[in-house]
Protein chains: 2
Amino acid sequence: MTEARDRLSSPAAPYGSRRMSSARRAIAETAALMDGAFTAESLHDRVVASRPGIGLATVYRAVAAMADAGYLARVGERDGAALYAVCGHDGHHHHAVCERCGAVTPVECAFVPSALPAGFAMTRHEVAIYGVCAECQGSERGGSR
Amino acid sequence: MTEARDRLSSPAAPYGSRRMSSARRAIAETAALMDGAFTAESLHDRVVASRPGIGLATVYRAVAAMADAGYLARVGERDGAALYAVCGHDGHHHHAVCERCGAVTPVECAFVPSALPAGFAMTRHEVAIYGVCAECQGSERGGSR
DNA sequence: CCGTGAAGTGAGAACCGCTCTCAGTTGGAG
DNA sequence: CTCCAACTGAGAGCGGTTCTCACTTCACGG
Ligand SMILES: [Zn+2]
Ligand SMILES: [Zn+2]
Ligand SMILES: [Zn+2]
Ligand SMILES: [Zn+2]
């Protein structure tokens, strides 16, 4: 919890320069506690457990703001729902997601412009990597995240 | 049109080994004529123009079957809708999509396993590349695809 | 300290891409 | 030709996400 608070008070605020409300604080703190990937809905479930009354729409809005500010990253999707994770790393990179336990690990971007068609000006790219992490391979049953 | 027919009668049938109905033939032929990326709905629009009465669900089912058979590839998304394109190339690769005209070009996969976290067993990955193709950069107004 | 206005919130409706259901049709094996 | 599993069209349904609107709350200036 102190760890979460530390991260929240660090230079890059979760919401950039926007206004901070008590709901947003609770949502950002809960996000920091989720280790591994989460959906907006699963984050909402957990936020509500400790702060009843927070609406789903508010969580969606907070997640969008945090992703916008670079505090969260979209790391893939599961059953049609977007997966997010707290991303403290700088620079461009992607994320590997364990489909068993949800653990997220940063992955260096392997993109080389020379592989692109001649003259193509890339504006954006998305990479999602799914698999099973080392820990989950070791144990029969999945992890607990 | 003959070109489309040729491709359809080539070794790899659009639907694999499934049954071929008149609706599916029309859908596959229309898909072959779309050059560039398309959504299920835009394909449906175009199929209906020449073959009224074909339902949207049928197009969704046909697209799923063709993607399953490897005849179509999912190349990205636009406004929340999946983008597909005819993909005649063999082997693992990805696609660059022009956001202006929809042109799709195959891109070699630049993925190196060494970039992954140690012990992580990747089962799957998705890559979507967006940008502006050389042709569209040359002309002020966008292309016509 | 208050007053004020913009930003944020909660509830629920709305949206939209997609899938499912069901009764009717059709392709193709035999 | 017969027969049935695969396929089809229409529309209902689903689920994640966004929108609307009346209300609250934060941050700031006075
Ligand atoms: Zn990261
Ligand atoms: Zn990258
Ligand atoms: Zn291709
Ligand atoms: Zn690849």
Side-chain angles (χ1 to χ4, degrees), chain A residues 8-9 13-31 37-69 71-72 74-85 126 128, chain B residues 8-9 13-31 37-69 71-72 74-85 126 128:
Chain A
L8 292 178
S9 56
Y15 299 100
S17 55
R18 296 164 197 247
R19 219 165 83 186
M20 177 62 77
S21 68
S22 110
R24 290 200 165 178
R25 193 162 8 247
I27 294 168
E29 280 177 18
T30 306
F38 54 86
T39 63
E41 193 173 4
S42 69
L43 176 57
H44 177 244
D45 288 348
R46 224 158 127 174
V47 168
V48 161
S50 62
R51 265 287 311 261
I54 301 236
L56 181 54
T58 298
V59 171
Y60 270 102
R61 286 182 288 229
V63 164
M66 288 189 285
D68 207 54
Y71 181 70
L72 295 186
R74 234 203 118 160
V75 297
E77 63 183 66
R78 182 162 56 207
D79 301 328
L83 284 178
Y84 294 89
E126 285 159 19
Chain B
L8 293 179
S9 56
Y15 298 102
S17 56
R18 297 163 197 249
R19 215 165 86 185
M20 177 62 77
S21 67
S22 111
R24 289 199 168 180
R25 194 164 5 251
I27 294 167
E29 280 176 18
T30 307
F38 55 87
T39 63
E41 193 173 4
S42 69
L43 177 57
H44 176 246
D45 288 347
R46 219 153 132 176
V47 167
V48 161
S50 62
R51 265 288 312 264
I54 301 233
L56 181 55
T58 298
V59 171
Y60 269 104
R61 287 183 286 231
V63 164
M66 289 189 284
D68 207 53
Y71 180 70
L72 294 186
R74 231 200 120 162
V75 298
E77 64 183 65
R78 184 163 54 208
D79 301 330
L83 284 177
Y84 295 89
E126 285 159 19

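Just so you know, these numbers use all the heavy atoms, side chains as well, and skip hydrogens, waters and symmetry mates.
Pairing each heavy atom of Arg24(B) with each of Tyr15(B), the nearest pair is O-OH, 2.8 Å. Residues Ala128(A) and Gly76(A) come closest through the heavy atom pair CB-CA, 4.3 Å.
Residues passing the side-chain hydrogen bond (donor to acceptor under 3.5 Å, both in side chains) test with Arg74(B) are Glu77(B), sequence neighbours excluded. Residues satisfying the salt bridge (charged side-chain N to carboxylate O under 4.0 Å, His left out) test with Glu126(A), not counting sequence neighbours, are Arg124(A). By the salt bridge (charged side-chain N to carboxylate O under 4.0 Å, His left out) test, Arg51(A) pairs with no residue at all, sequence neighbours left out. The side-chain hydrogen bond (donor to acceptor under 3.5 Å, both in side chains) check on Ser21(B) picks up nothing, with sequence neighbours excluded. Under the side-chain contact (heavy atoms from CB on, under 4.5 Å) criterion, Ala57(B) pairs with Arg61(B), sequence neighbours left out. For Arg18(A), the side-chain hydrogen bond (donor to acceptor under 3.5 Å, both in side chains) criterion is met by Asp68(A), not counting sequence neighbours. Not counting sequence neighbours, Asp45(A) has no partner by the salt bridge (charged side-chain N to carboxylate O under 4.0 Å, His left out) test. Remark: Ser42(A) pairs with Met34(A), Phe38(A), Thr39(A) by the side-chain contact (heavy atoms from CB on, under 4.5 Å) rule, at least two apart or across chains.
If you measure from atom CZ of Phe38(A) to atom P of dT17(D), you get 12 Å, rounded to the nearest angstrom. In this structure, the CZ atom of Arg61(A) is 14 Å from the P atom of dC21(D), given to the nearest Å. Regarding Asp45(A), its CG atom lies at a distance of 15 Å from the P atom of dG15(D), rounded to whole Å. Atom CG in Leu83(A) sits roughly 15 Å away from atom C1' in dG15(D) (whole-Å rounding). In this structure, the CE atom of Met66(B) is 13 Å from the P atom of dC7(D), given to the nearest Å.
Between the side chain of His44(B) and the main chain of Thr58(B), no donor-acceptor pair closer than 3.5 Å is present.
The stretch residues 46-58 of chain A touches DNA chain C through Gly53(A), Ile54(A), Gly55(A), Ala57(A), Thr58(A), each having a heavy atom under 4.0 angstrom from the strand.
The terminal axes of the helix from dC1(C)-dG30(D) to dG30(C)-dC1(D), fitted over 5 pairs per end, subtend an angle of 30° to the nearest 10°.
Among the protein residues, Ala40(B) comes within range of no part of the nucleic acid, since none of its heavy atoms lies under 4.0 Å from any strand. Looking at heavy-atom distances under 4.0 Å, Arg24(A) makes contact with sugar-phosphate atoms alone, never a base.
The structure places CG of Leu83(B) at 5.0 Å from CZ of Arg78(B), a figure rounded to the nearest 0.5 Å. Ile27(A) CD1 to Leu72(A) CG: the interatomic distance, rounded to the nearest 0.5 Å, is 10.5 Å.
Interface limits on DNA chain C: the 5'-most and 3'-most nucleotides within less than 4.0 Å of chain A heavy atoms are dA6(C) to dG12(C).
Within the 4.0 Å cut-off from OP1 or OP2 of dT17(D), at least one side-chain nitrogen or oxygen of Tyr60(A) is found.
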Atom pairs under 3.5 Å, N or O on each side, protein against nucleotides 26-30 of chain D: can you list them with distances?
residue, atom, partner, partner atom, Å
dC26(D), O3', Met20(A), O, 3.3
dC26(D), O2, Arg19(A), NH1, 3.3

